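Take a look at the structure below.
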Amino acid sequence: MLQRHLQSLHYHTYNAISVKEAVAILRETDIDLLITDLKMPGIDGHELVKYVAENYPLIPILVVSGYPSVNDALNVIKSGAIDYLVKPFTHEELKQAVLKSFKGSKKIKTSSKPRDFSSSSNYGELIGESSEIKEVFEIIDRVKDNKATIFINGESGTGKELVARAIHYSGKFSRAPFIAVNCGAIPENLLESELFGYVKGAFTGADANRQGFFQAANHGTIFLDEIGNASLAVQSRLLRALQEKEITRIGSQKVEKVDLRIIAATNSDLKELIAKNEFREDLYYRLSVVQINVPPLRERKSDISLLVDRFIKKYGPEYKDRITPISKAALEVLERYDWPGNIRELENVVQRAIIMCDKTIEVMDLPDHLKYKINFSQEGWLPLREMEKEYILRVLAAVDNNKTKAAEILQIDRKTLRQKIQ
Ligand SMILES: Nc1ncnc2c1ncn2[C@@H]1O[C@H](COP(=O)(O)OP(=O)(O)O)[C@@H](O)[C@H]1O
Ligand SMILES: [Mg+2]
């Protein structure tokens with residue numbers, strides 16, 4: 001009855017039939033108001049009120065009870081309840097009591113706080129505020145609810161897999177499976193059967209029918225990472241899956257229909273592989289119906305502080321039991337660096353710094369190669385003839401000026417050596 005009334009007032013409710021269940025829900029869920037009876041089988045409501053008042057002091061508590069006694073009422077209010085409602089009560093009385101409880105609540109209501117879209121929490125772990133990453137978010141929004149094939153391009157560590165996951169989990173097929181396959185990590189001779197499955201007897205060792213990743217991901221998303229590593233045999237099967245939406249298991253003629261979204265990713269230059277006949281051009285065009293270019297971190301340095309903040313929150317509690325702040329100077333060093341390993345490298349550096357630091361992450365907690373900008377000034381370089389001279393002199397010194405031996409080592413004849421010495 002409570003649930004029905006509350007739902008008609010547009011509250012979202014959770015039911016528990018015992019204190020034990022209520023505690024489990026409190027642990028899992030961000031609750032804004034607890035309503036409880038007092039007299040219950042097993043652990044009673046007084047215990048729950050005390051428990052919540054101590055462990056979740058910000059949650060207001062409304063007690064309902066069928067056995068009114070002034071003592072009871074006083075006791076529960078002392079132990080943390082905000083209000084006391086006597087059964088039976090009307091719909092209106094309940095509504096007023098709930099409103100009153102919320103008013104007296106000290107809780108900042110996180111659950112009803114408007115979503116902070118600028119930090120883009122709706123893309124899973126993928127975060128960023130730069131215009132470069134926002135372009136990526138925009139494409140994700142356009143593709144998440146359809147099954148268009150997507151091709152993700154970007155350097156290693158830029159977040160290609162996170163982009164693929166964001167597409168799947170933010171869209172309307174998110175309840176279907178998402179299966180990530182690293183085509184570079186599976187041995188070439190296995191990839192085909194892993195992807196498409198096989199029938200018993202297809203090859204030695206195939207002692208039963210087995211489904212592949214394609215069948216397993218049906219109706220959802222298959223993410224083919226490092227697609228550049230797929231063999232030509234796999235590529236032609238992929239092409240067929242894309243064109244005809246059908247696959248056959250290894251060793252079988254039977255055609256199976258599949259209906260899924262294919263996301264492929266690579267950090268290698270497919271155009272180059274196409275030129276070397278190692279990647280099918282027709283497959284490339286089929287795959288890149290929608291192309292997403294994930295920018296390298298050095299092209300969106302404005303996201304560095306946000307990412308650092310995220311990683312500090314992620315690893316601080318794990319390694320140091322708290323969140324370790326970072327000094328301005330240290331952050332500047334991170335923002336100056338070029339990040340060839342992109343976000344994966346940044347994450348490692350922050351992780352290490354948290355482990356190494358005392359209270360705050362300082363410049364000295366960062367790896368040396370980040371600290372000093374390598375300056376490729378002209379002065380350090382020698383002209384070729386200078387190099388040659390220095391090298392010949394070193395060889396001569398090593399053989400005690402024996403020109404025959406030196407000429408042998410340098411693989412030039414003695415006459416040339418004499419000219420060079422002159
Ligand atoms: N935009 C982002 N926000 C937060 N973390 C990110 C972001 N992009 C990448 N990461 C992190 O960086 C690491 C590398 O990401 P990943 O998707 O595996 O990159 P790729 O597949 O391009 O090599 C992962 O640990 C991931 O969580
Ligand atoms: Mg990857």
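Whatever order the structure lists them in is the order used to number ligands and atoms, beginning at 1. What you are looking at is a predicted structure, and each value in this text was computed from that prediction instead of being measured. We use all heavy atoms of the structure for the numbers below, so side chains are in, but hydrogens, waters and symmetry mates are not.
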**Study point:** Protein heavy atom at shortest distance from atom 15 (O) of ligand 1
**Key:** Gly159 CA, 3.6 Å

Check your understanding: Which ligand 1 atoms, with their elements, are less than 4.0 angstrom from a heavy-atom of Glu155?
Key -> 22 (O)

Practice item. Give the residue, atom name and distance (to 0.1 Å) of the protein heavy atom nearest atom 18 (O) of ligand 1. Key: Arg344 NH2, 2.9 Å

Practice item. Could you tell me whether Asn189 atom CG has more than 12 heavy atoms of other residues or ligands within 6.0 Å of it? Key: yes

Review point. Which residue and non-hydrogen atom of the protein lie closest to atom 4 (C) of ligand 1, and at what distance in Å?
Key: Glu125 O, 3.1 Å

Review point. With atoms numbered from 1 as shown, which atoms in ligand 1 lie under 4.0 angstrom from a non-hydrogen atom of Leu307?
Key: 2 (C), 3 (N), 4 (C)

Practice item. Hey, can you tell me if Phe196 and Phe214 have their rings parallel, tilted or perpendicular (30° and 60° cut-offs)? Key: parallel

**Study point:** Shortest protein contact, atom 1 (N) of ligand 1 (heavy atom only)
**Key:** Ile127 O, 3.0 Å

Review point. Thinking salt bridges, do Lys301 and Glu335 make one under a 4.0 Å N-O criterion?
Key: no

Exercise for review: Answer yes if the ring centres of His369 and Tyr337 are under 6.0 angstrom apart, and no otherwise.
Suggested key: yes

Exercise for review: Verify whether one side chain among Glu155 and Asn342 offers a donor that lies under 3.5 Å from an acceptor in the other.
Suggested key: yes

Practice item. Just need the protein heavy atom nearest to atom 23 (O) of ligand 1, so name the residue and atom and give the distance. Key: Gly157 N, 2.7 Å

Review point. Taking everything shown except Glu28 itself, do over 12 heavy atoms lie less than 6.0 Å from its CD?
Key: no

Practice item. Please could you name the atoms of ligand 1 that Ser156 approaches to less than 4.0 Å, counting only its heavy atoms? Key: 23 (O)

Check your understanding: Are Gln3 and Thr13 close enough that a side-chain donor and a side-chain acceptor fall under 3.5 Å?
Key -> yes

Review point. Counting both backbone and side chain atoms, is some N or O of Arg310 under 3.5 Å from an N or O of ligand 1?
Key: no

**Study point:** Residues Arg286, Asp282: salt bridge by 4.0 Å N-O rule
**Key:** no

Exercise for review: Decide whether an N or O pair under 3.5 Å exists between Leu126 and ligand 1.
Suggested key: no

Check your understanding: Among all residues two or more places apart in sequence or in another chain, which pass the side chain to side chain contact (heavy atoms under 4.5 Å, CB included) test with Glu92?
Key -> Thr90, Lys95, Gln96

Check your understanding: Which residue owns the protein heavy atom closest to atom 25 (O) of ligand 1, what's the atom, and how far is it?
Key -> Glu347 OE1, 2.8 Å

**Study point:** Distance-only N or O hit between ligand 1 and Glu161, under 3.5 Å
**Key:** yes

Review point. With a 3.5 Å cut-off and no angle check, do the side chains of Glu192 and Tyr198 form a donor-acceptor pair?
Key: no

Review point. At what distance is the nearest protein heavy atom to atom 12 (O) of ligand 1, and which residue and atom is it?
Key: Ile343 CG2, 3.4 Å

Study note, to complete from the structure: At under 4.0 Å between heavy atoms, what of Val163 touches ligand 1? The answer is neither

Practice item. Report yes if some N/O of Leu162 lies less than 3.5 Å from some N/O of ligand 1; otherwise report no. Key: yes

Practice item. Mind checking whether Arg300 contacts ligand 1 via backbone (N, CA, C, O), side chain (CB onward), both or neither, at a 4.0 Å heavy-atom cut-off? Key: side chain

